[in-house]
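The next block holds one structure in the form of structure tokens; read it before the comments.
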Amino acid sequence: MILEEISLALQAGRSKLVVEKVNAALAEGIDASTILNEGLLAGMNVVGEKFQKNEVYVPEVLVAARAMNKGTDILKPLLADAGAEPLGRACIGTIQGDLHDIGKNLVRMMLEGKGIEVIDLGVSVDPETFINTAIEKNCDIICCSALLTTTMGHMKDVCDLATEKGIREKVFIMVGGAPVTQAFCDQIGADCYTSDAASASDKAAEFLRAKKA
Ligand code: B1M
């Protein structure tokens with residue numbers, strides 16, 4: 001069936017085939033939400049699970065995510081017409097002073113794979129930019145990624161500034177990256193630590209579903 005074919009093409013990271021199959025599914029009259037949920041997201045979930053179990057690695061995840069983006073590019077205008085709401089909105093960036101963005105990009109892609117709208121602030125993002133974006137764009141979640149022990153301390157500045165600006169209760173602050181631990185998360189007063197991108201997207205989706213309920 002075509003939805004299974006979309007899922008498999010995505011898992012194989014075959015962007016062109018994903019585009020072809022998504023267009024074919026639309027031509028068959030399948031609605032955009034079904035293609036997103038039962039084709040693309042289903043495939044991305046499989047990739048996420050395999051990544052967590054070390055059955056696939058970073059390159060496979062990146063090509064699958066690229067294929068996912070190609071597929072969602074086709075569906076985005078149709079989903080907007082149908083009034084399909086994203087699950088929620090997050091902003092993400094590497095913390096001030098940190099240029100390592102591979103893990104951050106994976107987290108972004110996994111969040112998008114869960115139907116979460118993501119504002120990617122890029123690398124070396126200062127606390128003011130995280131907080132101002134969360135306020136101006138009404139983000140439910142702030143995601144900070146850090147790979148350097150020398151600059152990870154700025155994550156505390158993000159939490160403190162959120163308190164200072166009066167949005168701490170409204171925003172869920174997630175932290176991660178190789179040197180980050182649960183103890184560090186607790187110490188700086190963030191809301192959630194996860195060790196990998198797939199768990200980050202699971203926790204984010206869990207939080208947003210609970211918020212909506
Ligand atoms: Co640099 N670097 N690097 N580096 N680099 C590390 C991190 C280092 C551990 C290498 C080492 O010394 N063994 C070391 C840090 C030491 C420390 O702080 N304790 C280091 C250093 C020192 C440096 C420089 C200072 C080197 C120098 O110039 N002297 C410099 C700093 C630049 C800067 O940031 N200001 C530097 C530069 C670079 C490159 C530019 C060359 C390149 C980055 C390219 C890029 O990202 N575009 C680079 C790389 C590639 C690495 C290593 C080799 C690989 C990092 C990586 O991408 N891993 C790294 C050594 C290593 O880790 N083996 C190293 C793959 C990626 C998928 O994993 O990002 O951990 P990761 O993401 C994971 C999880 O952590 C988690 O999900 C991902 C997977 O599921 N995760 C989150 C990440 N963010 C999350 C957020 C979440 C939840 C989970 O919630 C919000």
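First listed ligand is number 1; within each ligand, the first listed atom is number 1. Here the structure is a predicted model, which means the values were calculated and not measured.
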**Proximal candidate to atom 37 (C) of ligand 1 [heavy atom criterion; set Lys203, Gln52, Gln96, His100]** = His100

**Item:** Heavy atom of protein inside 4.0 Å of atom 21 (C) of ligand 1, strictly below
**Value:** yes

**Asked** Taking NZ, NE, NH1 and NH2 as the nitrogens, is one of them in Asp196 or Lys53 under 4.0 Å from a carboxylate oxygen of the other?
**Response** no

**Prompt:** At under 4.0 Å between heavy atoms, which part of Val107 makes contact with ligand 1: side chain, backbone, both or neither?
**Reply:** side chain

**Asked** Within the structure, does at least one protein heavy atom fall under 4.0 Å of atom 24 (C) of ligand 1?
**Response** no

**Prompt:** Which of these, Ala190, Cys143, Ala178, has its nearest heavy atom closest to atom 75 (O) of ligand 1?
**Reply:** Ala178

**More than 12 heavy atoms from other groups under 6.0 Å of NZ on Lys165** = no

**Prompt:** Would you say atom 18 (O) of ligand 1 touches the protein, meaning some protein heavy atom is under 4.0 Å from it?
**Reply:** yes

**Message:** Just to be sure I read this right, does ligand 1 sit under 4.0 Å from the backbone of Leu106, its side chain, both, or neither, counting only heavy atoms?
**Reply:** side chain

**Request:** Indicate, as side chain, backbone, both or neither, the part of Ser195 found under 4.0 angstrom from ligand 1 when only non-hydrogen atoms are considered.
**Result:** backbone

**Prompt:** Which residue owns the protein heavy atom closest to atom 81 (N) of ligand 1, what's the atom, and how far is it?
**Reply:** Gly177 N, 3.6 Å

**Request:** Mark whether atom 89 (C) of ligand 1 lies under 4.0 angstrom from at least one protein heavy atom.
**Result:** yes

**Request:** With heavy atoms under 4.0 Å as the rule, classify the contact between Tyr193 and ligand 1 as side chain, backbone, both or neither.
**Result:** neither

